[in-house]
Number of protein chains: 2
Amino acid sequence: MDVSFCGGFMRRRATAKNVADAAGVSKWTVIRAFTPGASITEESKRRVLQAAAALNYSPNLLARSLATNLTHQVAVFVDDFANPQKLPFLETLTDRLQAEGLVAMLININNHFDHVRALLNADQRQVDAIIMFGTAFRSETLNDRRLGRSMPPMFVLARDSQIDGVPAVVCDAELALKEIVDHLYEKGYRRPGFMAGAPALSTALRRRHHFIDFWKQKGVDETAVISAERYSAQAGAESVRHYLQNTDAKDRVDVLMCENDILAIGALDEIRGQFGLRVPQDMAVIGFDNYELGGASVYGLSTYEQPKDEMVEVVIEMITGRLPPETVTLPGKLIVRNSA
Amino acid sequence: MDVSFCGGFMRRRATAKNVADAAGVSKWTVIRAFTPGASITEESKRRVLQAAAALNYSPNLLARSLATNLTHQVAVFVDDFANPQKLPFLETLTDRLQAEGLVAMLININNHFDHVRALLNADQRQVDAIIMFGTAFRSETLNDRRLGRSMPPMFVLARDSQIDGVPAVVCDAELALKEIVDHLYEKGYRRPGFMAGAPALSTALRRRHHFIDFWKQKGVDETAVISAERYSAQAGAESVRHYLQNTDAKDRVDVLMCENDILAIGALDEIRGQFGLRVPQDMAVIGFDNYELGGASVYGLSTYEQPKDEMVEVVIEMITGRLPPETVTLPGKLIVRNSA
DNA sequence: TTGTATGCGTTATCAC
DNA sequence: GTGATAACGCATACAA
């Protein structure tokens, strides 16, 4: 046996061959002892397991992957770490993946590591699937000549997919915005505003579109659109500050819908703290995501909650093949507090 | 060549053998074309690369790992997804890992998947290293009989390591608490309180210990300790509510140090919003972590910033072997705003 | 510089 | 039920 010592401990892991020698059987019998449902006598299995325990043997998953063409690894692409809402999603996602014997390779999509490089890398590492978690990517990306024709199955989570054959699992934006606008209308607001983050994102555009559209259906034709630089509290604050400084009080919106809670919290903070306005009396605010802090009493932020657990569940079911890979839209829940 | 069709596209990836056949060389020449610094003629390399591009060939990293005993995968253990501070750390960590050609396997440590299972799994997957990111684990864990004697190198990030041979990279707690106490003393506070989260964690204990200790050095012998159930704004709020309800105004602390910003934000919210007290006049508050929202104007939370980038850098250097695997303690930075 | 043989630790398939 | 042979795709060592 090839043994090198390092710090007094064996460095190499024991292999099936080692266990076989120790148990006095062939290595295939060892494999069988570790294969559920394989045909092997109780006696053999017992001896193998005992020898395995003594040698601290466990199958090398790398070698197994090479032989089976299955790595049980799923790449998870993330490109926006500013939104704290990513964290509970990641928690649920990793937990559910692990329950299925899968593991998440967390891949940071940024300027140094774009979608094409990430796809190439994930493909080279033979992942079983790729989850684009909240990251938008364009169809051109898939047509990049560096990419092979046989990418692993891809899924978009918490964002729309414009790509044919790449299913998405999303919160129903139309239903969400309908519920939000219905609620705001009922509360008596008539001069709506919308704070948008990244303008290029389909999900963002969709929310904005539905927001404006449902107000039109109520006979309110004009919706102010305010844009923020990024998805952060700072950006939300700056954005609303600019708006308030440049808009006469009589012309201002009476309710501001922010694309997510982080923007909303920044905006709320600025509206009350810096401009001394009352929320919701002078200007109401509503967000999206139900980020924990929004529920804190200083904020009391009204918002809309995405069905996180169900969304993750559906992606898992698709990855494991228990559900067909088709776009699924799930209903969320309006959370009414006192900001709107 | 073994080709199966699926949706009109080839399903199997091209192998070195395929490229070799196409280029009219042996597969070892193909390998050489993809091995930096290998001895190969320009002409051969050109032909191989051309054939490889035509076939969309790229080396199978799985097979490479099996042969080299290096997966370029690093397991990252996380057990607390409630602290949003994890996100910027994960962002930096994944970015730096990727820059080194490594990738992070994000592993969720929870009731269903404890440290032993996670270690076993990471080992079976042949990861090159394991980073315990903010997760405490006891030395008994390493002695679990299910674990082999040849675990991958382990590192603890952003938390103390009590384990011999497992280096930690941490923010200098002693220096941090000294700076904090010095600042608070200078501001005139004399009745300190400390809000603690999980009581079992060494990092937590250390912060508390130093806080109490430095006050003693200033001649302030009594530090009230308030404990929160979890690390969340809710828990921080509940904890301080309980304290305020059960403590006469004259007996209350004049400054409350919270173990992290999330607790501090919850506490701040409760102190001002529900009890109508002024911060910092009636009660000052200081946190730890410099979470973005703490800097928002409603909070103006004074806090202490961990040297995130440097900490991650040091872990990376240790993993890549450029730095010896020894515990490193780095200085952070006091951020003074107006809450204390 | 290039080709050959062998090994990495499994799994799949076939004889016994 | 068990052992043997081939294969997974690449890397290393050696020979030509």
Side-chain angles (χ1 to χ4, degrees), chain A residues 1-4 11-49 51-52 55-73 123-126 128 148 150, chain B residues 1-4 11-48 52 55-72 123-128 148 150:
Chain A
M1 177 180 163
D2 182 5
V3 180
S4 52
R11 180 55 202 144
R12 290 195 94 77
R13 293 170 47 97
T15 74
K17 181 78 179 75
N18 302 140
V19 177
D21 292 347
V25 297
S26 74
K27 64 172 177 173
W28 295 278
T29 302
V30 174
I31 302 287
R32 287 191 182 94
F34 283 88
T35 307
S39 51
I40 183 175
T41 55
E42 274 306 314
E43 170 61 10
S44 298
K45 188 164 185 173
R46 198 189 54 71
R47 285 175 56 196
V48 168
L49 259 34
L55 292 171
N56 268 129
Y57 168 81
S58 61
N60 181 329
L61 296 186
L62 206 59
R64 173 177 293 177
S65 293
L66 185 62
T68 58
N69 239 333
L70 248 52
T71 56
H72 299 284
Q73 298 194 154
D123 186 37
Q124 271 195 279
R125 289 185 186 273
Q126 317 290 114
D128 293 344
S150 66
Chain B
M1 177 179 165
D2 182 4
V3 180
S4 52
R11 182 54 205 145
R12 288 196 96 77
R13 293 169 48 97
T15 75
K17 181 78 178 74
N18 302 139
V19 177
D21 292 346
V25 296
S26 75
K27 65 172 176 174
W28 294 277
T29 303
V30 174
I31 303 285
R32 288 190 182 93
F34 283 89
T35 307
S39 52
I40 182 175
T41 56
E42 275 305 314
E43 169 60 11
S44 296
K45 189 164 184 174
R46 198 190 54 71
R47 284 175 55 195
V48 168
L55 292 171
N56 267 128
Y57 168 81
S58 61
N60 180 330
L61 296 185
L62 205 59
R64 174 177 290 176
S65 294
L66 186 62
T68 58
N69 238 335
L70 247 52
T71 56
H72 299 284
D123 185 37
Q124 271 194 281
R125 288 185 186 273
Q126 318 291 113
V127 298
D128 293 345
S150 66

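Below, chain A is the first sequence line, B the second, and so on; all start at residue 1. Quick note: numbers below take in every heavy atom, side chains included, and nothing from hydrogens, waters or symmetry partners.
Between V30(B) and A16(B), the shortest heavy-atom distance links the atoms CG2-O, 3.7 Å. In terms of heavy-atom proximity, D128(A) sits nearest to T71(A) at OD1-N, 3.0 Å. What you find for S65(A) and L70(A) is that their closest heavy atoms are OG-O, 3.0 Å. Here the closest heavy-atom approach between residue L62(B) and residue L62(A) is recorded as CD1-CD1, 3.6 Å.
When the C1' atoms of four end pairs are superposed on the next four at each end of the helix from dT1(C)-dA16(D) to dC16(C)-dG1(D), using five pairs per end, the two resulting axes differ in direction by 40°, to 10°.
The shortest distance between the side-chain N/O atoms of T29(B) and the OP1/OP2 oxygens of dG3(C) is below 4.0 Å. Contact check, S44(B) against dT2(C): a side-chain N or O comes under 4.0 Å of OP1 or OP2. One finds no side-chain N or O of S26(A) lying less than 4.0 angstrom from the OP1 or OP2 phosphate oxygen of dA4(D).
If you take CG of L62(A) and C1' of dT11(C), they are 14 Å apart, rounded to a whole angstrom. As rounded to whole Å, 13 Å separates atom C1' of dT2(C) from atom CZ of R47(B). A straight line from CD of E43(B) to P of dT1(C) spans 14 Å, rounded to a whole angstrom. Here dT2(C) presents its C1' atom at 16 Å from CD of E42(B), a figure rounded to the nearest Å.
Residues R125(A) and H72(B) are in side-chain contact: their nearest non-hydrogen atoms beyond the backbone lie under 4.5 Å apart. Residues L61(A) and R64(A) form a side-chain contact, since some pair of their non-hydrogen atoms from C-beta on lies under 4.5 Å apart.
Within the 4.0 angstrom heavy-atom criterion, no nucleotide atom of any strand lies near S65(B).
No more than 12 heavy atoms of other residues, nucleotides or ligands lie within 6.0 Å of CD in E42(B), so this atom counts as exposed by the packing criterion.
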>> Does the protein touch nucleotides 9-16 of chain D at the base, only the backbone, or not at all? Give it as B, S and - per nucleotide, heavy atoms under 4.0 Å.
In response: BBBBB---
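Donor-acceptor pairing under 3.5 Å is recorded for the side chains of Q126(B) and R13(A).
A side-chain donor-acceptor contact under 3.5 Å links N18(A) to the backbone of T15(A).
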